[in-house]
**Student:** 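Have a look at the structure that comes next, please.
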Amino acid sequence: MDDKIGEGAGSSVYRQGDFVDLCRGPHVPTTAMLRWFKLTSTSTCYWKADASRESLVRIYGWCFATKEALQNHETLMREAAKRDHRKLGKDLQLFHIDEMVGQGLILWTPRGSIVRNELQDFISSHLRRQGYNQVYTPHIGKLDLYRTSGHYPYYQESQYPPLVERDLMSKLADEGCSCSELSNRMDEGEIDGYLLKPMNCPHHIRIYSSQPRSYRDLPLRLAEFGTVYRWEQSGEISGMTRVRGFTQDDAHLFVTEDQIAQEVLGCIELVQVIFGTLGMDDYRVRVGLRDADSSKYVGESEKWDKAEQACRDAAASLGVPFTEEPGEAAFYGPKIDFVVRDVIGREWQLGTVQVDYNLPERFDLTYVGADGEKHRPVVIHRAPFGSMERFCGVLIEHFGGMFPTWLSPTQAHILTISEKHIDYADQVRTALREAGVRVEMDTGDDTIGKKLRTHRAMRPAYLLILGDEEASNGTVSYMGPDREQINGVALADFVASIQAEISSRS
RNA sequence: GCCAUUGUAGCUUAGCUGGUAGAGCACUUGAUUCGUAAUCAAGAGGCCGUGAGUUCGAAUCUCACCAAUGGCUCCA
């Protein structure tokens, strides 16, 4: 009780029949209020979340005061289940996870790759506008790089174990080196190996240090859709939202101290633009600070204080409410996270902006100031989408698989009434393709009813229906994203309007 | 990783207390050429997650492993 409830803080006790519960509450005054209930699942958990203790059975259910409220909730949950990205990902052929490839490793299929590419193009266009430089770095790096960055000791449990060169391995085997000895000698830096990169920052930092830098070069903004690998416990892995290999829309901004506020703000504005375009307005802002257990973090306390204050100031200038949460910081610095809620109420951390005084120190980064002296830059880490995998997973659910036209894997599906209309359909397809529209065509011998049923299921932005009427007048009839039907639009007009819709990303 | 549940064709699934598999959709072929959410018919497709064990005999029972789902813990 002492460590759960702080000194002087209030506590409450609830009673229901013979059951007495010490709980923050609130509880309902009486279970008589919960007339309608349904048990939904059972699971286990541990007393005080300690896996070494015996497990307890937990029973989950829904209860409501009225039958209608319960039924409404059930309907809502059924609708939410239909939007599950794991289900839609399979039905709409957006991605595949293969047992033979491995748990938590996403295979992007052609349709899903289109969505990802469109998103990447979208963000890249904003980065160019904001003066970012695109870079590419490899997927592995020497262990020594991560010893310097601090990832190796501080982030070890989240990493795949190091790769050791073949010759070195056989030499160590000849010497009778045991696995635990190997591991110890790697920890002590006697043996080097390569690590699958868990983060992109060390590589980007080495690009910074590859040249002498002047204050005139700053801010230097290095961006990469960088793929990283993290060892997640098998039970954590889920669909696209929690995986072992993922691509961050990453960038590292090398700035002077007085550029921090402005650059952090620039990052946050980018996040807001992106969320705004995609209609994601159910998100909250979290300022992640370090907690009392200082062994989890690298760097000196006064640097942390400065960085935490910078994050607070930036969040405050946003004009949206934010929470400060101790223990949510990265191991090298505090951060501002954008947390979105999915259709079933789960929260996902997507975009993140982190202020880092520590890595510049560890890598001895410098720039020459106007005074001719060497100064230490500050690094801002930022990933407005978080990772392409998680972001696409959340987006699939956000849109229920019905992507806006610019993101839609196939933007127009052409359906013919009969084989008489194939020639005209070909013309329509050519016109759309030349306008850069992604088209699919069904000239098969199914009835139009069947074709509509089949193609609607794939959720294209537009369904075009072509028959005698359209072929003889050079028009199209279509159902747009709202599935309202519009008939007899001149082909050229339709092409122009869909093209405008796509290029404006509306 | 821990606890629980689950694993039958590309998808959704039937298969009772053990006697080596059925269906719908999708697919292929043929017929049909059709105006708004399933045209008709035929065909093909399964070592029942993997490996052991019990048994005369295992999709079915036992064990181990793999994977998924729901939680716990952790995270982008």
Side-chain angles (χ1 to χ4, degrees), chain A residues 40-60 81 84 86-87 90-91 93 96-104 155 157-158 198-200 226-250 288 296 327-328 330-331 335 337-340 344 346-352 354 381-394 415-422 443-457 463-471 477-479 483 485 487:
Chain A
T40 52
S41 62
T42 59
S43 74
T44 54
C45 60
Y46 305 97
W47 172 244
K48 295 173 91 175
D50 181 350
S52 65
R53 295 173 194 256
E54 263 183 278
S55 62
L56 307 166
V57 176
R58 189 180 269 190
I59 300 168
Y60 294 79
D84 190 316
R86 293 168 298 191
K87 168 113 183 84
K90 188 175 276 181
D91 292 349
Q93 298 162 29
H96 172 64
I97 299 169
D98 193 278
E99 273 196 33
M100 206 174 209
V101 174
Q103 249 191 318
Y155 205 65
E157 75 289 349
S158 300
M199 292 187 191
N200 300 303
T227 304
V228 297
Y229 300 89
R230 297 187 189 169
W231 181 260
E232 298 287 349
Q233 300 186 91
S234 62
E236 316 284 54
I237 288 166
S238 173
M240 291 184 112
T241 45
R242 195 69 187 275
V243 295
R244 284 186 174 157
F246 56 95
T247 302
Q248 296 177 309
D249 60 315
D250 211 357
K296 283 157 57 181
E328 292 292 331
F331 77 86
K335 51 185 190 164
D337 292 328
F338 295 82
V339 180
V340 304
I344 47 180
R346 287 175 306 194
E347 287 198 326
W348 291 105
Q349 183 192 320
L350 294 174
T352 181
Q354 308 172 1
H381 309 242
R382 42 107 285 174
F385 290 179
S387 79
M388 299 315 291
E389 285 74 8
R390 179 175 287 179
F391 192 68
C392 284
V394 172
L415 316 180
T416 52
I417 300 285
S418 83
E419 62 192 16
K420 288 182 292 184
H421 313 114
I422 295 179
T443 55
D445 49 12
D446 285 325
T447 60
I448 191 66
K450 179 61 182 296
K451 285 181 187 175
L452 277 165
R453 186 186 164 84
T454 308
H455 289 265
R456 284 180 84 126
L463 288 151
L464 273 59
I465 297 140
L466 305 181
D468 284 339
E469 191 73 16
E470 291 76 18
S477 295
Y478 65 87
M479 282 188 240
R483 295 295 182 255
Q485 183 155 349
N487 293 325

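Order of the sequence lines fixes the chain letters, A, B, ..., with proteins taken first and strands second; residue numbering starts at 1 for each chain. As the structure is a prediction and not an experimental result, all values here were calculated from the model.
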**Student:** Can you tell me how far P in B:G51 sits from the matching atom in B:A58, rounded to whole Å?
**Tutor:** 14 Å
**Student:** Under 4.5 Å between any side-chain heavy atoms of A:Y155 and A:M199, yes or no?
**Tutor:**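 Yes, side chains in contact.
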**Student:** Please confirm whether any donor atom in the side chain of A:R390 sits under 3.5 Å from an acceptor in the base of B:C75, or the reverse.
**Tutor:**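 Flag set: donor-acceptor pair detected.
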**Student:** Using only side-chain N and O atoms of A:R242, determine if any of them is under 4.0 Å from OP1 or OP2 of B:U69.
**Tutor:** no
**Student:** B:A67, B:A37, B:G1: which one has an atom nearest the side-chain heavy atoms of A:R453?
**Tutor:**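 Among the listed nucleotides, the one closest to the side chain of A:R453 is B:A37.
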**Student:** The side chain of A:R230 lies closest to which of these nucleotides: B:C74, B:U36, B:A76?
**Tutor:**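 Output: B:A76.
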**Student:** Would you find a donor on one side and an acceptor on the other, under 3.5 Å apart, between the side chain of A:R230 and the backbone of A:S158?
**Tutor:** no
**Student:** Using the P atoms only, state how far B:G22 lies from B:U36, rounded to an integer number of Å.
**Tutor:**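 After rounding to an integer number of Å, I get 40 Å for this pair.
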**Student:** I'd like to know if A:E236 reaches the base of B:G71 with its side chain, counting only an N/O donor and acceptor under 3.5 Å.
**Tutor:** no
**Student:** Let's see if you can work this out: which of B:A76, B:A37, B:G35 has an atom nearest to the side-chain heavy atoms of A:D468?
**Tutor:**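 For the A:D468 side chain, the nearest candidate turns out to be B:G35.
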**Student:** Report the nucleotide, chosen from B:C11, B:A67, B:U69, that has the shortest atom-to-atom distance to any side-chain atom of A:K90.
**Tutor:** B:C11
**Student:** I'd like to know if the side chain of A:T352 and the backbone of A:Q349 have a donor-acceptor N/O pair within less than 3.5 Å.
**Tutor:** no
**Student:** If you measure from the C1' atom in B:U20 to the same atom in B:C61, how many Å do you get, rounded?
**Tutor:** 16 Å
**Student:** Which nucleotide, B:U73, B:G35, B:U39, lies nearest any side-chain atom of A:T447?
**Tutor:** B:U39
**Student:** So A:L350, base contact, sugar-phosphate only, or nothing? Heavy-atom distance under 4.0 Å.
**Tutor:**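 The residue A:L350 makes sugar-phosphate contact but no base contact.
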**Student:** Has A:K335 got a side-chain N or O lying under 4.0 Å from the OP1 or OP2 atom of B:A76?
**Tutor:** yes
**Student:** Do A:I237 and A:R244 have side-chain heavy atoms sitting under 4.5 Å apart?
**Tutor:**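 Side chain of A:I237 against side chain of A:R244, heavy atoms only: contact under 4.5 Å found.
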**Student:** Ignoring hydrogens, what is the shortest heavy-atom contact between A:Q248 and A:N200? Give both atom names and the distance.
**Tutor:**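 Heavy atoms only, the tightest pair is OE1-ND2, 3.3 Å.
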**Student:** Considering only side-chain heavy atoms of A:K450, which listed nucleotide, B:C34, B:C75, B:A26, is closest?
**Tutor:**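 My answer, after comparing the listed nucleotides, is B:A26.
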**Student:** Can you tell me how far C1' in B:A64 sits from the matching atom in B:G45, rounded to whole Å?
**Tutor:** 31 Å
**Student:** Rounded to whole angstrom, note down the P distance from B:G43 over to B:U50.
**Tutor:**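 Going atom to atom, P in each nucleotide, I get 28 Å.
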**Student:** Counting side-chain heavy atoms from C-beta on, which of B:G1, B:U36, B:U39 comes nearest to A:Q485?
**Tutor:**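 Side chain of A:Q485 sits closest to B:U36.
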**Student:** Nearest of B:C34, B:A67, B:C74 to any side-chain atom of A:Q103?
**Tutor:**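 Selected nucleotide (nearest to the side chain): B:A67.
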**Student:** For the side chain of A:E232 and the base of B:A76, is some donor closer than 3.5 Å to an acceptor across the two?
**Tutor:**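 Yes.
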**Student:** What nucleotide among B:C74, B:G1, B:C34 has an atom nearest to a side-chain atom of A:W231?
**Tutor:**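 Within the option list, the nearest is B:G1.
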**Student:** Compare the minimum distances between each of B:U69, B:A67, B:C34 and the side chain of A:I417, then state the nucleotide with the smallest one.
**Tutor:**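 That would be B:C34.
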**Student:** Hey, is A:F246 stacking on B:A76? Ring centres under 5.5 Å, planes under 30°.
**Tutor:**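 Taking the rule of under 5.5 Å and under 30°, the ring of A:F246 does stack on B:A76.
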